[in-house]
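What follows is a short report on a single structure.
On a predicted model such as this, the values are computed, not experimentally measured, just so you know. We count ligands from 1, going down the list as the structure has it; atoms in each ligand are counted the same way.
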Amino acid sequence: MRIGALASGTGTILESLVDAGLPISVVVVDRACGAEKIAERAGIAVERVVRSRFDEGFDRGAYTDLVVAALARHEVDVVVMAGYGTVLGPSIHERWAGRVLNTHPALLPSFKGWHAVADALAAGVKVTGCTVHLATLEVDDGPILAQEAVPVLDGDTVETLHERIKQVERRLYPRTVRAFVDTLDARGGRPGDEGT
Ligand code: GRF
């Protein structure tokens with residue numbers, strides 16, 4: 001089983017996957033970021049597929065094809081998103097249908113999108129959390145694999161709340177990815193579309 005990870009940030013979620021001993025063969029990043037250092041330290045190959053445009057001229061399809069090519073070079077069976085800052089187009093979901101996982105710092109279907117923690121704080125909810133789900137073309141919308149609640153405390157800022165959520169993600173995501181790949185392995189690598 002070979003896993004490809006996608007990351008753009010500090011890489012602490014990626015680090016939790018690495019520390020759990022998951023078989024990550026490559027880390028693909030869309031910019032220079034801390035996640036590259038985590039990968040290098042662990043001896044994992046890094047592919048930087050730079051996203052050079054953030055305006056309307058961004059060719060999402062062509063960019064996604066480059067990410068797919070980078071992952072394919074490492075013959076990955078499963079893709080895990082670990083704080084990836086670019087929404088990808090259809091080709092990744094076609095190539096790894098039902099095998100792209102994501103962790104999101106809110107209890108989906110509430111607070112989708114990049115500002116989930118700030119949005120939860122602004123809404124005044126007393127409980128938020130994190131969700132591990134299968135990624136689909138629709139952002140933060142695929143089938144839910146695992147969720148855990150996290151309390152919002154008086155005086156929380158986006159930073160303190162996000163860190164409390166990430167502490168849970170660093171436990172929940174590796175465990176859920178492990179269960180997912182073990183199930184896939186038990187099926188001989190075939191996706192779960194047989195039987196009940
Ligand atoms: C996590 O909260 C993840 O859910 C979100 O981005 C964050 C990544 O954190 N999509 P880090 O850069 O790995 O610390």
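Distances from ligand 1 to the non-hydrogen atoms of His162 include at least one value under 4.0 Å.
At the top of the distance list for atom 1 (C) of ligand 1, counting protein heavy atoms only, stands Glu169 OE1, 3.3 Å. For atom 6 (O) of ligand 1, the closest non-hydrogen atom of the protein is Gly83 CA, 3.5 Å.
The ligand atoms of ligand 1 that sit less than 4.0 angstrom from a heavy atom of Thr12 are 11 (P), 13 (O), 14 (O). Close approach of ligand 1 to Thr103 is summarised as follows: ligand atoms under 4.0 Å from at least one heavy atom of the residue are 3 (C), 4 (O), 10 (N).
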Show me the side-chain donor-acceptor pairs of residues 62-70 shorter than 3.5 Å, one per line, residues at least two apart or across chains.
unit_1 : atom_1 : unit_2 : atom_2 : d
Tyr63  : OH     : Val49  : O      : 2.7
Tyr63  : OH     : Tyr84  : OH     : 2.7
Thr64  : OG1    : Arg60  : O      : 2.7
Thr64  : OG1    : Gly89  : N      : 2.7
Asp65  : OD1    : Ser91  : OG     : 2.8

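Counting only distance, with no hydrogens or angles, the side chain of Glu47 and the backbone of Leu71 share no donor-acceptor pair below 3.5 Å. In terms of modelled atom types and a separation under 3.5 Å, the side chain of Thr131 and the main chain of Leu108 share a donor-acceptor contact. Side-chain N or O atoms of Arg99 include one that pairs as donor or acceptor with a backbone N or O of Asp77 at under 3.5 Å. Looking only at distances, a side-chain donor or acceptor of Arg164 sits under 3.5 Å from a matching main-chain atom of Pro151.
Legend: salt bridge (charged side-chain N to carboxylate O under 4.0 Å, His left out) pairs involving residues 118-140, not counting sequence neighbours: none detected.
Geometrically, ligand 1 and Gly11 share a nitrogen or oxygen pair separated by less than 3.5 Å. Annotation: Thr10 places an N or O atom under 3.5 Å from an N or O atom of ligand 1; distance criterion only. Checking only distances, Trp114 never comes within under 3.5 Å of ligand 1, N or O to N or O. Considering both main-chain and side-chain atoms, Ile13 comes within under 3.5 Å of ligand 1 through a nitrogen or oxygen pair. Backbone and side-chain nitrogen or oxygen atoms of Tyr84 are examined, and none is located within less than 3.5 angstrom of a nitrogen or oxygen of ligand 1.
Counting heavy atoms closer than 4.0 Å to ligand 1, residue Glu15 contributes nothing at all.
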Residues Ile24, Leu14; criterion side chain to side chain contact (heavy atoms under 4.5 Å, CB included); working and verdict: CA-CA 10 Å; Ile24 298 176; Leu14 172 69; 4.2 Å; yes

